[in-house]
Amino acid sequence: MTYNIHHGKGSDKHTDLYRIADVIKKSKADIVGLNEVDRNFSLRSNYEDQIYWLAKQLNMYQGFSPAISLSSPNRSHVREYGNAILSRYPIKRNNSYTFHLKSGLAEPRSLHEAFIQINERQVRFYVSHLSLNTFLHRKQTNFILQKFNKSSYPTIIMGDWNMKPGSKKWCHITKSFQDVWEIAGSGTGFTYPSQKPRLRLDYLFVSQEVQVVNVEVFNLLSISSDHLPLKATLFIY
């Protein structure tokens, strides 16, 4: 499942991480990619290490990739914001990559890479939140594709990609990966905004070794974030 949690701030403007944990628990998802996660970031999330808290609350393995890291002279921890992953299966390795910018005009972005042992197979997962800027979006997609081409692992990509299906951005990634909604989705697949969704911004992409069994927009407790999670059942050959 992929889920932009908006640092736990719901559509009612109230920040409540328990609601996010409840959504994940009730989804029964084994692996969850998260966007807009805070780690000791600011008062908006009560300086909580959100991925640590969620992993402990849900009894799951975790990994984190900061897109923004800020020092704080008054606190012992670095203030971070970025992407994360939760897994009921053991995570063998976590890697974090920053998409470097030549200009400070756009929000920094990052890519989380996790190698997860699922029974006898090791599967590679990517979690990212791509830029709204078309030029940067393409560079970020190219980086992910280059990583994929250097490995033979079954690969699953999750995240908020800030694009519309059928767009040039979408065509760029679907030349190499399957969009799970195009295979098994029914309806629009809209995930944003959570209360009256009218855009499909959140995606799950899979390599050819992965069979898509079922996919749905999980709309239980839609007030918990400004996005709805996208959930898929997958079979790996």
Side-chain angles (χ1 to χ4, degrees), residues 2-9 15 17 20 32-55 62-86 91 93-114 124-148 150 155-164 167-170 172-173 177 191-193 199 201-205 225-227 229-230:
T2 184
Y3 191 15
N4 184 327
I5 68 169
H6 194 45
H7 61 266
K9 184 178 180 180
T15 301
L17 211 54
I20 299 296
V32 185
L34 301 174
N35 303 127
E36 299 192 11
V37 181
D38 283 356
R39 288 186 73 185
N40 318 300
F41 191 69
S42 71
L43 190 60
R44 72 182 186 184
S45 50
N46 199 29
Y47 292 96
E48 185 78 66
D49 183 339
Q50 294 188 319
I51 188 59
Y52 175 83
W53 188 94
L54 286 167
Q62 56 96 4
F64 180 77
S65 173
I68 298 174
S69 294
L70 303 172
S71 60
S72 176
N74 299 321
R75 295 187 175 272
S76 59
H77 298 290
V78 175
R79 298 165 53 212
E80 295 181 312
Y81 164 84
N83 305 297
I85 194 164
L86 293 167
I91 299 176
R93 188 165 81 251
N94 282 303
N95 297 316
S96 178
Y97 304 96
T98 301
F99 298 126
H100 295 289
L101 301 175
K102 294 182 178 179
S103 168
L105 297 179
E107 178 184 321
R109 306 284 177 171
S110 71
L111 173 70
H112 186 83
E113 180 182 53
R124 182 175 54 180
F125 288 82
Y126 288 137
V127 185
S128 195
H129 185 184
L130 270 60
S131 177
L132 288 161
N133 180 284
T134 300
F135 172 75
L136 295 175
H137 194 288
R138 187 172 186 85
K139 287 178 69 69
Q140 291 159 6
T141 303
N142 284 342
F143 182 89
I144 296 171
L145 292 175
Q146 287 169 7
K147 295 289 295 180
F148 167 70
K150 294 178 181 178
T155 300
I156 297 167
I157 303 174
M158 303 181 281
D160 179 349
W161 275 53
N162 278 319
M163 65 183 183
K164 295 180 180 179
S167 64
K168 289 183 179 180
K169 296 176 183 178
W170 180 86
H172 189 38
I173 187 67
F177 286 90
T191 57
Y192 180 84
L199 294 171
L201 299 182
D202 302 274
Y203 293 83
L204 280 159
F205 300 107
S225 174
D226 62 343
H227 283 244
L230 179 68

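Every value quoted in this text rests on a predicted model; they were computed, and no experiment measured them.
With hydrogens and angles left out, the side-chain atoms of Asp202 and Thr2 include no donor and acceptor closer than 3.5 Å.
Residue pairs meeting the salt bridge (charged side-chain N to carboxylate O under 4.0 Å, His left out) criterion with at least one partner in residues 32-43, sequence neighbours excluded, are Asp38-Arg44, Arg39-Asp49, Arg39-Glu80.
Aromatic ring orientation, His227 versus Tyr192: tilted (interplanar angle from 30° to 60°). Using cut-offs of 30° and 60° on the angle between ring planes, the pair Phe41 and Tyr81 is tilted. Phe205 and Trp161 have perpendicular rings, their planes meeting at more than 60° on a 0 to 90° scale where under 30° would count as parallel.
Contact of the Leu54 side chain with the Gln62 side chain is not registered, since no non-hydrogen atoms from C-beta on lie closer than 4.5 Å. A heavy-atom distance below 4.5 Å is found between the side chains of Leu204 and Ile156. You'll find the side chain of His112 stays beyond 4.5 Å of the side chain of Phe125, heavy atoms only. Counting heavy atoms from C-beta outward, Thr134 and Lys169 have side chains that approach closer than 4.5 Å. Taking the side chain as every heavy atom from C-beta outward, Gln50 and Ile20 never approach each other to under 4.5 Å. The shortest distance between side-chain heavy atoms of Ile85 and Ile51 does not fall below 4.5 Å. Ile157 places a side-chain heavy atom less than 4.5 Å from the side chain of Ile173. Looking at Leu132 and Asn162, their side chains come closer than 4.5 Å, going by heavy atoms from C-beta outward.
Side-chain atoms of Ser110 come within 3.5 Å of backbone N or O of Ser65 as a donor-acceptor pair. The backbone N or O of Phe135 lies less than 3.5 Å from a partner atom in the side chain of Asn133, making a donor-acceptor pair.
In this structure, the separation between OG1 on Thr141 and CD on Gln146 is 11.0 Å, given to the nearest 0.5 Å. A distance of 11.0 Å separates CD in Gln140 from NE2 in His172, rounded to the nearest 0.5 Å. One finds the CZ atom of Phe143 at 11.5 Å from the CG atom of Leu130 (value rounded to the nearest 0.5 Å). The line from CG of Leu34 to CG of Asn83 is 9.0 Å long, rounded to the nearest 0.5 Å. A distance of 11.5 Å separates CZ in Phe99 from NE2 in His129, rounded to the nearest 0.5 Å.
Summarising the geometry of Phe64 relative to Ser96, their closest heavy-atom pair is O-CB, 4.4 Å, with the distance given to 0.1 Å. Residues Leu70 and Val78 come closest through the heavy atom pair O-CG1, 3.5 Å. Between Leu111 and Ser128, the shortest heavy-atom contact is CD1-CB, 3.8 Å. Shortest non-hydrogen contact noted between Arg79 and Ser42 is NH2-CB, 4.3 Å. The shortest non-hydrogen separation linking Pro66 to Thr98 is O-OG1, 4.1 Å. Among all heavy-atom pairs drawn from Ile91 and Gly63, the shortest one is CD1-N, 4.3 Å.
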Self-check item: Audit row: Asn35, Asp160, side-chain hydrogen bond (donor to acceptor under 3.5 Å, both in side chains) steps and yes/no
Solution: CA-CA 7 Å; Asn35 303 127; Asp160 179 349; over 6 Å; no
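With sequence neighbours excluded, no residue forms a side chain to side chain donor-acceptor pair (under 3.5 Å) with Ser131. Looking at residues two or more places apart in sequence or on another chain, you find a side chain to side chain donor-acceptor pair (under 3.5 Å) between Tyr126 and Glu113, Arg124.
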